[in-house]
Amino acid sequence: MIRQQIADWITTALRTAQAEGALSFETVPDFEVEPPRHAEHGDYASNVAMLLAKQARRNPREVADIVRQHLPEACAEWVDRVEVAGAGFLNFFLKAGWAGAIVRTILQQGKQYGNTQLGTGQRVLIEFVSANPTGPLSLGHGRNAAVGDTLARIMQANGYQVEREFYINDGENSTQIRNFALSVLARYRQLLGEPAEMPEDGYFGEYVKEIAQTIRQTHGDTLAQGEPETIVRQFEQIAKSLMLAEQERDLRDFGIVFDRWYSEQSLYDAGAVQATLDHLRQRGYAYESEGALWLRSSAFGDEKDRVLVRANGMPTYLAADVAYHRDKFERGYDLLTDLWGADHHGYVARMKAAMSALGYDPNRLVILIYQLVNLYRGTELVRMSKRAGNLITLREVIDEIGTDALRFFYLLRSHDSTLDIDLELAKEQSEKNPVFYVQYAHARICSIERTAQERGVPMPTLETDLTVLTHPEEVALIKRLADFPEEVALCAKHYAPHRLTAYALDVARAFHGFYTECRVLGSEPTLQSARLLLTRATRQVLTRTLSLLGVSAPERMERVEDE
RNA sequence: GCCCCCGUAGCUCAGGGGAUAGAGCAUCCGCCUUCUAAGCGGGUGGUCGCAGGUUCGAAUCCUGCCGGGGGCGCCA
């Protein structure tokens, strides 16, 4: 808010200078107002003059000086002085006590603080996880889930109307569903003591046996009798829905609830796949060759054309997925966001090409690719899961380290980076663990408030004099708090939810510094009141940040002493 | 061969046109009569993979190369 305020003053100054003929330029550049690294450069600095110099045909320092002289008088309320420095930076030095005004604003805005208008009026569909219903969610799906859900929360905070959707890959003609069903069927028969062989490329994880067991318990021993094709179809339905139920349960325990579970099969049932193929043909972007139907994706930058319908008449996964994305656009969203694993990156070009072929703006489809996740126990790479065999399940990691730690760790790095998670570290209740560091700051705040209550110190009103908040640690903390709305907006603009963990750590760090240097309870009454309000404002921002991350903000954290 | 991601402190990574490059961990030295020491302060530690280019200014943008990971099905 203070940054926006300064930016507005600068814009006003530019307009005034322009009107007076002191400065000539066509467009206001996209300049920045940032807290400089070094205190001698003021509280906030702007690069506007350097960006404008060429247009204005003057050297940057001259431009800076002109801007400085045309700043509106209103800024005198908060600004002590403005210096021109370096290559042409405008350095703003704020009056002692400016920080207090920010604390008041934060508290006045309450739960609204941190919200922005960035996406007001825009509908977004975030499609994520979308795991195959043939196995439990994996460690990789967990990253997808954490990034997608937090991004959804962030976009909501920015005013977007957000919906979360899970696309179920349940096409009945797909080989994977059939294989899965055949695997479950084989296990089921084995349970009944019948000789049954697993399909060669079947699913060999323990969970398949569990599903067979569940089916036996709920449907009895006669489900594998009758006409073979009917049996397999039946097993497809039952096994698939059991698997989906488990995925939904895991996600709910991970703090994620989808607005919609969208079935691939429903696209076939509604004729949407066929309609999309016809539409592509009409537009001239689908053609027959070698007995198959092809998408002319190479016309839109893809390296080659792709098969939509195989020579055997079966549509490919791509065909359904194109129909699905068409359906999403037709539902009226302004923006579609997909979250895919790195192993699907090669698919991006063809999906965007398909959207272009259908006449949609491919830029309205944002596909985020996240890199792999490796799990370590100390320095040892964890490869296998007992239950799922060749993959590590999300469930077992949640069970071991908890939702809070796992969500935080997933968002500790950019989705562009491969992520290593160390189970030992995530479980450790110590200073090494960043989740605890942040949560501990919150618990400390609650502890101060509890003690205040015990001592009969009431929470001060907003009329309290906040200009006494001038200690460097207080100002540093308030600056971090003041950044919150800007940070929330940046997270959305760059699709970078991981920035939020960094921000949470920054706020926690600033608070711990304040806590150490500035005694709250027992200080001089005016100061005590002001500090109590600062503490409350910090709590509000921390709680909100953690809730955007889907991480809890505990009111107490007792250290467990281990010998 | 082509495509995507990464290469920054001993380790794990932020920063992705702006001033003297940051954090955590590790390591060394300090700080608990007083709101939770799961905390705080300080020290050590860097040719931002290499070479060109663009720019007033490059870790950041462009090109090429090197190294690591992933992907290149009428699988999903």
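Here is how names work: the chains are called A, B, and so on, in the same order as the sequence lines, proteins then strands, and each is numbered from 1.
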What is the nucleic acid contact for A/Tyr515, judged by heavy atoms within less than 4.0 Å: base, sugar-phosphate only, or nothing?
base
Could you tell me whether A/Glu40 contacts a base, only the sugar-phosphate backbone, or nothing, with contacts defined as non-hydrogen atoms closer than 4.0 Å?
base
What's the CZ-C1' distance between A/Arg350 and B/rG73, to the nearest Å?
9 Å
At 4.0 Å (heavy atoms only), tell me whether A/Ala45 reaches a base, stays on the sugar-phosphate, or touches nothing.
base
Round to the nearest Å and state the distance from A/Leu411 atom CG to B/rC13 atom P.
15 Å
Take atom CE of A/Met351 and atom C1' of B/rC4, then tell me their distance rounded to the nearest Å.
17 Å
Just grab all the salt bridge (charged side-chain N to carboxylate O under 4.0 Å, His left out) pairs involving residues 402-411 of chain A, residues at least two apart or on different chains.
A/Asp149-A/Arg407
Between side-chain atoms of residues 367-374 of chain A and protein atoms elsewhere (two or more places apart, or another chain), which donor-acceptor pairs fall under 3.5 Å?
{"residue": "A/Tyr370", "atom": "OH", "partner": "A/Asn144", "partner atom": "ND2", "Å": "3.4"}
{"residue": "A/Asn374", "atom": "ND2", "partner": "A/Asp420", "partner atom": "OD1", "Å": "3.2"}

Closest of B/rC6, B/rG15, B/rG18 to the A/His498 side chain is B/rG15
Do A/Asn59 and A/Glu62 have side-chain atoms, one donor and one acceptor, less than 3.5 Å apart?
yes
Whole Å only: how far is the CG atom of A/Leu425 from the P atom of B/rA23?
19 Å
Any side-chain donor-acceptor pair under 3.5 Å between A/Tyr317 and A/Asn169?
yes
Taking B/rG18, B/rA76, B/rA23 as options, the one with an atom nearest any side-chain atom of A/Thr316 is B/rA76
Considering only the P atoms, how many Å lie between B/rC40 and B/rG53, rounded to the nearest integer?
46 Å
Determine the contact category for A/Asp343: base if any of its heavy atoms lies under 4.0 Å from a base atom, sugar-phosphate if only primed atoms, P, OP1 or OP2 are that close, otherwise nothing.
sugar-phosphate
Among the nucleotides B/rC35, B/rG69, B/rC56, whichever has the atom closest to the side chain of A/Gln371 is B/rG69
Considering only side-chain heavy atoms of A/Ser414, which listed nucleotide, B/rA19, B/rC56, B/rA14, is closest?
B/rA14
Applying a 4.0 Å non-hydrogen cut-off, can you work out what A/Leu521 is touching in the nucleic acid: base, sugar-phosphate, or nothing?
base
Test salt bridge (Lys or Arg N to Asp or Glu O under 4.0 Å), reference A/Glu449, set A/Arg455, A/Arg536, A/Arg556, output is A/Arg536
What is the distance from CZ of A/Arg413 to C1' of B/rU12, rounded to the nearest Å?
5 Å
Looking for any heavy atom pair under 4.0 Å, which part of the strands does A/Leu51 touch: base, sugar-phosphate only, or nothing?
base
Side-chain contact check for A/Glu517: nearest option of B/rC13, B/rC40, B/rA19 is B/rC40
Side-chain donor-acceptor pair under 3.5 Å between A/Glu524 and A/Thr526, yes or no?
yes
Distance-only polar pair, side chains of A/Asp327 and A/Tyr262, donor-acceptor under 3.5 Å:
yes
What's A/Glu290 touching, base or sugar-phosphate or nothing? Going by heavy atoms closer than 4.0 Å.
base
Is B/rC11 in the syn or the anti form, by the rule that syn lies within 90° of 0?
anti
Side-chain heavy-atom pair A/Met314, A/Val309 within 4.5 angstrom cut-off
no
In what stems does RNA chain B take part, counting only runs of at least 3 consecutive Watson-Crick or G-U pairs whose two distances fall under 3.5 Å?
B:1-7 with B:66-72, B:10-13 with B:22-25, B:27-31 with B:39-43, B:49-53 with B:61-65
Taking the side chain of A/Tyr347 as heavy atoms from C-beta outward, which of B/rA38, B/rG22, B/rA76 is closest to it?
B/rA76
Of the candidates B/rG16, B/rC56, B/rC74, the side chain of A/Arg499 sits closest to B/rG16
Going by ring centres under 5.5 Å and near-parallel planes (under 30°), is A/Tyr437 stacked on B/rA38?
no
pi-stack flag for A/His38 and B/rA19, centroid dist under 5.5 Å, interplanar under 30°:
no
Of the listed nucleotides B/rA19, B/rC35, B/rG39, the one nearest the side chain of A/Val520:
B/rC35
Counting only side-chain heavy atoms from C-beta out, which of B/rG18, B/rU34, B/rG70 sits nearest to A/Arg519?
B/rU34
d(CE, A/Met50; P, B/rG18) in whole Å
9 Å
Please pick, from B/rG69, B/rA38, B/rC74, the nucleotide with the shortest atom-to-atom distance to any side-chain atom of A/Arg310.
B/rC74
